Visitor: 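My questions will all concern the structure given below.
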Amino acid sequence: MKAAEGAIVDARIPPILPRIPIQSDKLVRPDWVSSKPRSSRLLWLDKNENLDSELQKVTQRVLASLDPTVLCTYPDSGPLCRKLAKAMTVDPEMLVLTAGSDGAIRSTFEAFVAEGDTVVHTVPTFAMYPVYCQIFGANAIGVEYQRTESGPQLDIERLLWLVENKKPKLVCLPNPDSPTGTTIADRDMERLLVATAVTGSILLVDEAYYPFYPKSVVGLIKYYPNLIVARTFAKAWGLAGLRIGCAVGSKETILFLHKIRPMYEVNTVAVAFLEKMLDHEVDVLESVNRLNEGKRYF
Amino acid sequence: MLGFRTLNGHGNFLHVSFGSYAPTVFASLESLVLFRQDFGDACLAGYSRFSSTTTEEFVPIVDRIRKVVNDQTNKKVSL
């Protein structure tokens with residue numbers, strides 16, 4: 001074989017192969033080269049962002065107040081962790097910063113799911129659950145929402161049966177779920193917490209839409225060390241582009257997520273911005289009210 | 001408001017089923033707003049999804065949908 005100058009071509013060189021789950025043809029991601037930017041002439045209501053112009057006035061002021069050195073320095077996330085923990089009324093050790101709730105979900109898979117482990121998730125749900133199941137070689141079991149007159153409905157008895165009989169390593173439950181917008185009743189959530197605690201399954205509750213849906217299970221972490229809550233600042237806080245969120249759980253559980261975190265889990269701009277933005281929770285709640293009013297108007 | 005079936009979800013988005021008006025509504029909104037027109041999943045088939053926004057931002061969208069509905073209703077009446 002004639003190779004181009006400088007190239008190494010040798011039939012004896014074995015092909016480069018990733019981990020077995022990554023070799024699967026079924027693992028396909030959206031085209032990362034030919035995506036087209038959205039038109040600025042249109043109103044963007046396709047990705048569940050918060051484009052409230054009143055909230056943008058606040059975020060623009062916060063952005064303008066940042067020290068320019070945030071661009072040339074590595075992050076120190078300690079002060080933000082402590083401030084965020086205080087705002088969420090948890091201990092700082094119960095929290096790890098992540099790249100949105102997606103980062104919390106991925107870290108949970110990375111820390112707890114080995115090849116062949118069973119993972120239960122709803123269908124349809126956030127697109128990355130089935131993707132992470134494939135990436136980490138999990139045996140994914142989907143619980144499909146049923147179509148009813150009042151909208152999609154989850155068969156909670158089926159979910160509980162799967163927990164009790166399949167003893168999954170991980171149960172993924174966004175609350176509210178997306179794209180369905182459905183929530184789990186308090187009593188059913190408690191049944192799931194008990195069932196997963198008994199089987200030693202991690203229950204990952206994604207509260208990405210908090211406080212659009214103001215109920216939270218963060219207060220139950222002290223009773224359930226198997227509970228991890230994912231949060232993001234992309235929705236209500238209008239910070240989708242910042243890619244910052246967190247995972248909250250018992251100190252012992254979150255320690256595992258800290259063990260696998262990158263050297264810098266989030267960037268300095270995000271850390272500095274959020275630290276200041278946390279002082280504007282009232283503005284965020286007002287924005288949530290404006291968006292809920294708009295929803296009712298529609 | 002316009003009589004379409006909606007879902008009372010808890011996220012920052014809403015679902016609406018435009019039924020037989022869907023093709024005309026989609027065409028009329030094409031130059032105004034990006035939204036998810038439909039879902040492949042049976043539990044949400046036929047529903048469109050809009051992210052929540054302020055009433056002020058929703059007004060021109062609802063107005064345009066209302067115009068589609070009125071135009072089609074008038075067309076049916078004149079037939």
Side-chain angles (χ1 to χ4, degrees), chain A residues 38-39 41-55 122-125 142 144-154 174-184 207-215 234-236 238 240 287-298, chain B residues 1-70:
Chain A
R38 293 178 283 184
S39 168
R41 292 181 295 107
L42 301 172
L43 185 58
W44 296 352
L45 300 184
D46 55 332
K47 293 190 178 180
N48 301 341
E49 297 144 324
N50 181 349
L51 304 178
D52 175 16
S53 57
E54 288 301 313
L55 184 61
T122 52
V123 178
T125 188
E144 289 202 22
Y145 280 93
Q146 301 301 307
R147 188 180 181 93
T148 72
E149 279 297 300
S150 56
Q153 199 163 348
L154 189 65
N175 195 40
D177 212 337
S178 174
T180 59
T182 50
T183 54
I184 302 291
E207 296 184 348
Y209 294 98
Y210 183 88
F212 285 102
Y213 181 67
K215 287 187 179 178
K235 305 295 184 187
S287 177
V288 167
N289 286 338
R290 279 192 293 276
L291 267 55
N292 283 338
E293 273 173 29
K295 202 168 153 181
R296 284 191 288 274
Y297 168 78
F298 195 102
Chain B
M1 187 190 298
L2 297 171
F4 293 121
R5 184 187 292 265
T6 56
L7 296 180
N8 186 26
H10 296 272
N12 65 338
F13 52 86
L14 59 95
H15 295 95
V16 55
S17 174
F18 293 116
S20 60
Y21 291 95
T24 329
V25 168
F26 293 167
S28 73
L29 295 181
E30 204 172 48
S31 60
L32 190 64
V33 58
L34 290 172
F35 64 102
R36 183 153 173 184
Q37 292 187 351
D38 204 354
F39 291 85
D41 309 282
C43 67
L44 283 172
Y47 282 97
S48 298
R49 186 192 67 191
F50 294 81
S51 307
S52 302
T53 189
T54 58
T55 303
E56 292 73 27
E57 297 270 34
F58 267 140
V59 165
I61 298 169
V62 171
D63 283 351
R64 199 169 285 193
I65 297 169
R66 184 183 286 116
K67 186 175 182 312
V68 168
V69 173
N70 288 341

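Quick note: numbers below take in every heavy atom, side chains included, and nothing from hydrogens, waters or symmetry partners. Quantities reported herein were computed from a predicted structural model and do not represent experimental measurements. Chain A is the first sequence line, chain B the second, and so forth, proteins listed ahead of strands; every chain is numbered from 1.
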Visitor: So which part of B:N12 gets closer than 4.5 Å to some heavy atom of chain A, the side chain, the backbone, both or neither?
Guide: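 Both parts, backbone and side chain.
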Visitor: Name the option with the most non-hydrogen atom pairs under 4.5 Å to chain A; the candidates are B:V16, B:I61, B:L14, B:I65.
Guide: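 Max contact count across the listed options: B:L14.
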Visitor: Could you walk me through whether B:D41 and A:Y145 satisfy the side chain to side chain contact (heavy atoms under 4.5 Å, CB included) test, starting with their C-alpha distance in whole Å, then the side-chain angles of each, then the deciding distance to 0.1 Å, before giving a yes or no?
Guide: CA-CA 9 Å; B:D41 309 282; A:Y145 280 93; over 6 Å; no
Visitor: Can you measure from CG (A:L45) to CG (B:L34) and round to the nearest 0.5 angstrom?
Guide: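 Atom-to-atom, A:L45:CG and B:L34:CG are 8.0 Å apart.
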Visitor: Which atoms of A:E149 come close to chain B, meaning under 4.5 Å heavy atom to heavy atom: side chain ones, backbone ones, both, or neither?
Guide: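 Contact with chain B: backbone and side chain both.
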Visitor: Under a 4.5 Å cutoff for heavy-atom pairs, which residue among A:T180, A:N292, A:V288, A:L51 has the most contacts with chain B?
Guide: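 The answer is A:T180.
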Visitor: Measure A:T148 against the heavy atoms of chain B and call it side chain, backbone, both or neither at under 4.5 Å.
Guide: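 Nothing of A:T148, per the 4.5 Å heavy-atom cut-off to chain B.
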Visitor: For B:T6, is it the side chain, the backbone, both, or neither that has a heavy atom closer than 4.5 Å to a heavy atom of chain A?
Guide: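 Neither part.
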Visitor: Counting only non-hydrogen atoms closer than 4.5 Å, does A:E54 touch chain B with its backbone (N, CA, C, O), its side chain (CB onward), both, or neither?
Guide: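 A:E54 has no heavy atom closer than 4.5 Å to chain B.
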Visitor: Go through B:E56, B:R5, B:E30 and name the one with the most non-hydrogen pairs under 4.5 angstrom from chain A.
Guide: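 Heavy-atom pairs under 4.5 Å are most numerous for B:R5.
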Visitor: Determine the minimum heavy-atom distance between A:S150 and B:L7, stating which atoms define it.
Guide: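 In this case the closest contact between A:S150 and B:L7 is O-CD2, 3.8 Å.
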Visitor: To the nearest 0.5 Å, what is the distance between CG (B:N8) and OG1 (A:T182)?
Guide: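 It comes to 11.5 Å.
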Visitor: Ring pair (Phe, Tyr, Trp, His ring centres under 6.0 Å) with A:F298: which of B:F4, B:F13, B:F50, B:F35?
Guide: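 That would be B:F50; it is the only one of B:F4, B:F13, B:F50, B:F35 passing the ring pair (Phe, Tyr, Trp, His ring centres under 6.0 Å) with A:F298.
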Visitor: Are the side chain of A:K235 and the backbone N or O of B:G11 linked by a donor-acceptor pair below 3.5 Å?
Guide: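 Such a contact is absent between A:K235 side chain and B:G11 backbone.
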Visitor: With a 4.5 angstrom heavy-atom cut-off, could you sort out which part of A:N175 is near chain B: side chain, backbone, both or neither?
Guide: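 The answer is neither part of A:N175.
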Visitor: Using a 4.5 angstrom heavy-atom cutoff, name the option from A:L42, A:N50, A:N48 with the most pairs to chain B.
Guide: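 The answer is A:N48.
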Visitor: So which of A:A208, A:S178, A:S53, A:P124 has the largest heavy-atom pair count under 4.5 angstrom toward chain B?
Guide: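 The option with the most such pairs is A:P124.
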Visitor: Considering only heavy atoms, which portion of A:P179 lies under 4.5 Å from any heavy atom of chain B: side chain, backbone, both, or neither?
Guide: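 A:P179 touches chain B through backbone and side-chain heavy atoms alike.
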Visitor: I'd like to know if the side chain of A:K47 and the backbone of B:S51 have a donor-acceptor N/O pair within less than 3.5 Å.
Guide: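 Checking the backbone N and O of B:S51 against the side chain of A:K47, no donor-acceptor pair under 3.5 Å is found.
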Visitor: If you count heavy-atom pairs within less than 4.5 Å of chain A, which of B:R36, B:R49, B:Q37, B:E57 leads?
Guide: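 Looking at each option in turn, the highest pair count goes to B:R49.
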Visitor: Could you state the interatomic distance from CD (A:Q153) to SG (B:C43), rounded to the nearest 0.5 Å?
Guide: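 With rounding to 0.5 Å, CD (A:Q153) is 11.0 Å from SG (B:C43).
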Visitor: Does any backbone or side-chain atom of A:E293 lie under 4.5 Å from a heavy atom of chain B? Answer side chain, backbone, both or neither.
Guide: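 Contact with chain B involves both backbone and side-chain atoms of A:E293.
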Visitor: Nearest heavy-atom pair of A:K295 and B:S52: which atoms, and what distance?
Guide: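 In this case the closest contact between A:K295 and B:S52 is CD-OG, 3.5 Å.
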Visitor: Measuring heavy-atom distances to chain A, does B:H10 have an atom under 4.5 Å in its side chain, in its backbone, in both, or in neither?
Guide: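 Both backbone and side chain.
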